[in-house]
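A short write-up of the structure that comes next.
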Amino acid sequence: MAAARTLPFAKYHGLGNDFVVVDLRGDVDAELAAAIQTDDVVAAVCDRQFGVGGDGVLAILAPTSAGAVARMRVLNADGGEAEMCGNGLRCVAKYLRERGGATGDTLVIDTGAGPLTCTLHPGGDQVATVTVDMGRPRLTRGELPMTGPADERFVAQPLELPGVAPRAFTAVSMGNPHAITFVDDGADLRQLALTAGRALEHHPTFPRRTNVEYAAMRSPRELDLVVWERGSGLTLACGTGACATAVAACLTGRATVGDELTVNLPGGALAITVAADYATVTMRGPATHVFDGTLAPLARLAERRPS
């Protein structure tokens with residue numbers, strides 16, 4: 001009997017935002033590479049009771065632009081694809097430098113938001129933290145995307161839900177859409193996100209759904225944040241969400257462009273800086289390797305997960 005085909009993986013997390021990383025470059029079985037990128041298999045792998053467990057699968061693929069070392073594809077826990085993931089990108093950069101054949105302290109990685117530059121900071125003989133140039137925040141409805149006039153911004157405007165008091169939200173895209181609201185310091189951010197996050201994710205104003213952020217300012221240089229992530233639900237951290245929230249804080253006068261802003265998430269803190277001209281946002285934070293493993297035959301894994 002022929003041996004069952006399996007696929008190696010590595011488990012990583014950025015501040016508790018955890019991922020199953022699969023390197024699909026080089027000599028990888030084409031059928032397995034295709035299977036791990038399908039909705040049902042991704043959902044099965046990310047299932048925390050019946051699979052490996054994770055907020056998503058990060059597929060490392062061959063680069064598509066000149067100068068890039070690889071391409072990152074982000075598949076959320078529900079199997080849907082996200083354009084970008086900041087915590088995931090730091091994890092992929094760490095993997096590529098330590099185990100994926102990349103050299104140097106600066107790596108360009110292709111993403112759904114375009115090629116992004118990662119600067120690696122060592123801790124001993126490993127990569128401890130990564131600074132990512134996240135690119136230009138997209139601020140118009142057309143770029144998000146969002147319904148309404150394509151060239152209009154959505155800043156501190158109400159989003160209404162049946163049975164829920166309207167709140168003022170600001171919409172920002174960091175390659176993926178975010179809807180951010182600021183609440184009083186001391187509010188239960190987690191409970192707010194649990195109560196309305198799913199409904200806001202599917203708000204008809206956002207044709208591709210949206211990530212949802214509840215933030216509270218501690219000072220003009222520090223805020224607390226909880227994120228309801230599109231396709232994954234409540235997460236311990238979200239890099240693009242932290243960046244989008246920093247941009248929203250600057251747009252609404254709560255923070256100052258050019259200043260480094262500490263964003264406290266349930267899984268830890270990220271350092272975010274919005275450029276004075278809003279031309280780019282930089283994010284600095286850790287990435288951690290947890291363990292390696294081998295995925296069981298992928299079709300069987302999906303079949304074992306209850307529907």
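From a predicted model like this one, the values you see are computed outputs, not experimental measurements.
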Is the shortest heavy-atom distance from the side chain of Leu223 to the side chain of Leu261 under 4.5 Å? yes
Side chain to side chain, Thr280 and Met134, heavy atoms closer than 4.5 Å: no
Minimum heavy-atom distance Gly258-Thr273, with the two atoms named: O-CG2, 3.8 Å
Are Pro204 and Thr147 side-chain neighbours, meaning at least one heavy-atom pair lies under 4.5 Å? no
Transitively linked via ILVMFWY side-chain contacts under 4.5 Å: Val263 with Leu189? no
Would you indicate whether the side-chain heavy atoms of Arg99 and His289 approach each other to under 4.5 Å? yes
So, does Arg136 use its side chain to make a donor-acceptor pair with the main chain of Ala279 at under 3.5 Å? no
Look at the side chain of Arg90 and the backbone N and O of Pro286, then say whether any donor-acceptor pair between them is shorter than 3.5 Å. yes
Any chance you could measure Glu213, atom CD, to Leu265, atom CG, to the nearest 0.5 Å? 9.5 Å
Determine, using the 4.5 Å side-chain heavy-atom cutoff (strictly less than), whether Leu15 and Met174 are members of one ILVMFWY cluster. yes
Can you tell me how far apart CG (Leu89) and SG (Cys118) are? Round to the nearest 0.5 Å. 4.0 Å
Run the numbers on Tyr214 and Arg167 for side-chain contact (heavy atoms from CB on, under 4.5 Å), then give the verdict. CA-CA 11 Å; Tyr214 285 87; Arg167 285 188 173 276; 4.1 Å; yes
Which heavy atom in Tyr278 sits nearest to a heavy atom in Cys250, and how many Å separate them? OH-CB, 3.4 Å
Shared ILVMFWY cluster between Val22 and Leu96, side chains joined below 4.5 angstrom? no
Write down the atom of Leu159, the atom of Ala179, and the distance for their closest heavy-atom approach. CD1-CB, 4.3 Å
For a quick check under 3.5 Å, do His178 and Thr240 share a side-chain donor-acceptor pair by atom type? yes
We want to know whether Ser219 and Arg221 form a side-chain donor-acceptor pair, criterion being a heavy-atom distance below 3.5 angstrom. no
Are Asp224 and Arg190 ion-paired here, with the side-chain N under 4.0 Å from a carboxylate O? no
Is there a chain of hydrophobic side chains (I, L, V, M, F, W, Y, each step under 4.5 Å between heavy atoms) that links Val130 to Val21? yes
Grab the two heavy atoms, one from Asp292 and one from Ala10, that are nearest each other, plus how far apart they are. OD1-CB, 3.3 Å
Indicate the atoms forming the closest heavy-atom contact of Ala215 with Thr245, along with that distance. CB-CG2, 3.7 Å
Does the side chain of Leu234 reach to within under 4.5 Å of the side chain of Leu194, using non-hydrogen atoms? yes
Go through the side-chain N and O atoms of Thr140 and Glu143 and say whether any donor and acceptor fall under 3.5 Å apart. yes
Test your reading of the model: is there a side-chain donor-acceptor pair from Thr256 to the backbone of Asp259, 3.5 Å cut-off? no
Could you check if a side-chain atom of Ile109 sits within less than 4.5 angstrom of a side-chain atom of Leu116, using non-hydrogen atoms only? no
Just wondering, do Phe169 and Thr210 contact through their side chains at under 4.5 Å, heavy atoms? no
How would you list, by chain and number, every residue that makes a ring-ring contact (aromatic ring centres under 6.0 Å, His included) with His203, sequence neighbours excluded? none
Does the pair Ile272 and Thr282 meet the rule for a side-chain contact (heavy atoms from CB on, under 4.5 Å), with working shown? CA-CA 6 Å; Ile272 310 295; Thr282 57; over 6 Å; no
Under the side-chain contact (heavy atoms from CB on, under 4.5 Å) criterion, do Leu251 and Leu139 qualify, and how do the steps go? CA-CA 10 Å; Leu251 288 172; Leu139 303 177; 3.9 Å; yes
Which value, rounded to the nearest 0.5 Å, describes the distance between Leu58 atom CG and Thr111 atom OG1? 12.0 Å
Taking Asn76 for the side chain and Asp78 for the main chain, is one N or O donor matched with an acceptor at less than 3.5 Å? no
Crowding at CG, Asp277 (>12 non-hydrogen neighbours, <6.0 Å): yes
Which distance, rounded to the nearest 0.5 Å, do you find between the CZ of Arg209 and the CG of Leu200? 13.5 Å
Sub-3.5 Å donor-acceptor pair from the side chain of Arg284 to the main-chain atoms of Thr129, do we have one? no
State the SG-CZ distance between Cys85 and Phe19, to the nearest 0.5 angstrom. 3.5 Å
Side-chain donor-acceptor pair present, Asp133, Thr117, cut-off under 3.5 Å: no
Asp105 side chain to Leu120 backbone, donor-acceptor under 3.5 Å: no
Answer yes or no: is there a donor N or O on one side and an acceptor on the other, between the side chain of Arg198 and the main chain of Trp228, under 3.5 Å? no
Can you check whether Pro122's main-chain N or O pairs, donor with acceptor, with Gln126's side chain at less than 3.5 Å? no
Is there a side-chain contact between Val108 and Val69 (heavy atoms, below 4.5 Å)? no
Got a donor-acceptor contact below 3.5 angstrom from the Glu98 side chain to the Val127 backbone? yes
Indicate, with yes or no, if Val227 and Leu270 share a hydrophobic cluster defined by side-chain heavy-atom contacts under 4.5 Å among Ile, Leu, Val, Met, Phe, Trp and Tyr. yes
Residue pair Arg153, Arg141: steps toward the side-chain contact (heavy atoms from CB on, under 4.5 Å) verdict: CA-CA 6 Å; Arg153 293 184 179 186; Arg141 289 174 178 262; over 6 Å; no
Mark yes or no for whether Asn211, through its side chain, and Arg230, through its backbone, hold a donor-acceptor pair below 3.5 Å. yes
Classify the ring geometry of Phe9 against Phe291: parallel below 30°, tilted from 30° to 60°, perpendicular beyond 60°. perpendicular
Give a yes-or-no answer on whether the side chains of Thr235 and Glu229 include a donor-acceptor pair shorter than 3.5 Å. yes
Can you tell which of Asn17, Asp18, Asp55 makes a side-chain hydrogen bond (donor to acceptor under 3.5 Å, both in side chains) with Asn87? Asn17
What heavy-atom pair brings Val42 and Gly79 nearest, and what distance separates the two atoms? CG1-CA, 3.9 Å
Ionic contact status for Glu201 with Arg208, cut-off 4.0 Å: no
So, taking the atom named OG1 in Thr6 and the one named CG in Leu32, what distance separates them when rounded to the nearest 0.5 Å? 7.5 Å
